[in-house]
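In this text the structure is predicted, and so the values were computed from the model without any measurement. Whatever order the structure lists ligands and atoms in, that order sets their numbers, starting from 1.
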Amino acid sequence: MTEPLIYELGSPGRRGIAMPDPDVPLADLPADLVRDDLDLPQVSELDVVRHYTHLSHLNFGIDNNFYPLGSCTMKYNPKLNEDIARLPGFAGLHPAQPAAMTQGALEVVHTVQEWLAELAGFEAVSLQPAAGAQGEFAGILMIRKYHHDRGDTKRTKVLIPDSAHGTNPATVVMAGLDVVELPSDERGNVDLDALREACDDTVAGLMITNPNTLGLFEEHIVEVVELIHGCGGLVYGDGANFNALLGIVRPGDLGFDVMHYNLHKTFSTPHGGGGPGAGAVGVSERLVPYLPGPMAAIVDEDDDGRPIYGLHTPEKTIGRMKAFQGNFGMHVRALAYMLVYGREGLRQVSEMAVLNANYLMARLRDTYHVAFDRICMHEFVIEGKVEGSDVRALDISKRLIDFGFHPPTNYFPLIVHEALMIEPTETESRETLDAFADVMIQIAHEAVEQPELLHNAPHTAPVARLDEVRAARNLMLCCRPIPAPEVYVQPQASAT
Ligand SMILES: *Cc1c(COP(=O)(O)O)cnc(C)c1O
């Protein structure tokens with residue numbers, strides 16, 4: 001980057017602020033909080049606007065261009081959701097206000113709970129968890145507590161297919177249980193023989209993603225659920241791929257006992273800079289007493305028969321996952337989204353997501369090898385290799401950046417060699433899908449004719465090819481460069 005940092009721009013006495021008149025009485029600041037050595041740049045409004053506008057151009061987001069990041073469901077975040085979440089009645093609330101003053105907000109939380117329960121066929125939903133991974137953690141803690149409460153303490157194993165997202169095994173380990181990996185069969189389903197063999201009275205449950213991270217619907221899902229229930233285990237559904245099922249299949253009807261929803265995926269709330277997310281968790285009847293709380297509930301009715309809302313924590317709850325009611329602003333956005341689409345519209349969301357993925361897969365099939373070539377759901381996985389070239393998935397991804405596209409998910413799921421996992425989502429037009437497919441096909445030609453174009457990509461980004469390991473280990477988040485340590489010293493394993 002050649003642009004000066006804003007810290008280098010200032011000149012003493014330059015000002016660019018117009019503070020609004022205070023709407024509260026003036027008061028002196030506590031003397032011990034006031035500093036006179038604060039080293040901030042003194043810049044004009046124009047300098048500040050240019051600085052931040054420039055920075056915003058360095059970011060890639062769903063508002064810039066196509067973002068086919070498989071499994072993450074990077075769909076458009078409707079701006080209407082933002083307007084609704086900013087209504088003063090929502091944005092100005094304090095979470096500690098008493099229920100009598102927050103009936104509208106509690107009704108929002110309650111309505112989202114009800115809609116999510118209805119959409120996935122569950123008995124109840126808690127909006128406490130702040131992310132999918134936290135929803136998983138809540139779910140596995142509930143399963144563990146359910147077994148313990150029945151005195152069934154030898155159930156320590158959780159079965160997980162080898163196509164699973166890394167958060168699944170991480171969750172199980174965090175909950176103090178043991179992971180047993182299940183292989184996939186040649187059609188990308190869970191291998192039923194391996195599952196049968198693993199089922200015994202030490203199994204606490206199964207964590208399954210359906211459709212799985214290959215974008216494939218589990219063809220034997222009913223048998224899988226029966227096998228697990230048959231040996232006394234519970235079924236955890238990783239609902240991150242729920243975008244493929246809205247209004248079509250209800251995991252609760254398939255016998256799932258618990259599932260998380262990623263409101264920031266399926267229900268279009270933003271995935272912004274690491275947060276805030278919302279990973280609601282829904283359960284079948286037997287797990288209702290264990291849900292994390294507090295949840296919104298109808299506690300009474302007024303003289304006209306209208307519901308009065310309050311907070312409720314189930315009696316055997318695993319506890320709290322998050323302060324107050326979770327990320328309330330996300331619940332408001334998700335409700336706005338659900339109400340805009342309604343029952344039929346939500347089904348159409350999934351139908352279009354599946355159609356778009358199949359269209360893109362069909363356009364790429366002759367150029368790239370599709371890992372498991374059958375009708376896909378909302379995403380599919382190709383191998384990032386080109387015949388007659390030594391390029392890898394990473395090279396293809398980096399070259400996509402030169403064309404303004406965000407790379408697909410790389411090297412996941414782990415069971416596909418050089419995996420590129422592509423999820424277009426329902427919000428993209430046919431023109432965008434065609435533009436992306438054309439570029440992918442052009443890149444395959446370049447891979448043979450000018451492979452160095454790919455090896456050295458990206459050429460147009462603010463930083464060229466990074467050493468990704470070093471970038472992750474020496475993460476620099478400060479606008480003033482901090483000298484990196486000269487040598488990275490690998491911690492030595494202790495001899496004892
Ligand atoms: C995104 C995702 C998760 C984790 O969700 P977060 O909200 O990112 O914590 C888990 N499983 C799958 C399959 C996912 O795609």
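Taking the six-membered ring where the residue is Trp, F267 and Y261 present tilted rings, their angle falling between 30° and 60°.
In this structure, the side chain to side chain contact (heavy atoms under 4.5 Å, CB included) partners of Q97, at least two apart in sequence or on a different chain, are L93, H94, M101, T102.
Note on D395 versus K398: no salt bridge recorded, every NZ/NE/NH1/NH2 to OD/OE distance being 4.0 Å or above. Between R473 and D467 no salt bridge is recorded (no basic side-chain N to carboxylate O distance below 4.0 Å). Under 4.0 Å is where a charged nitrogen must lie from a carboxylate oxygen, and between R250 and E118 at least one such pair does. Between R286 and D149 there is no salt bridge, since none of the side-chain N atoms of the basic residue sits less than 4.0 Å from a carboxylate O of the acidic one.
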Pairs of nitrogen or oxygen atoms, one from ligand 1 and one from the protein, closer than 3.5 Å: please tabulate them with distances.
| residue | atom | partner | partner atom | Å |
| --- | --- | --- | --- | --- |
| ligand 1 | 5 (O) | N262 | ND2 | 3.0 |
| ligand 1 | 7 (O) | G132 | N | 2.7 |
| ligand 1 | 7 (O) | N262 | ND2 | 3.0 |
| ligand 1 | 7 (O) | H264 | NE2 | 2.7 |
| ligand 1 | 9 (O) | G132 | N | 3.3 |
| ligand 1 | 9 (O) | A133 | N | 2.8 |
| ligand 1 | 11 (N) | D238 | OD1 | 3.3 |
| ligand 1 | 11 (N) | D238 | OD2 | 2.5 |
| ligand 1 | 15 (O) | S71 | O | 2.9 |
| ligand 1 | 15 (O) | S71 | OG | 2.5 |
| ligand 1 | 15 (O) | K265 | NZ | 2.8 |

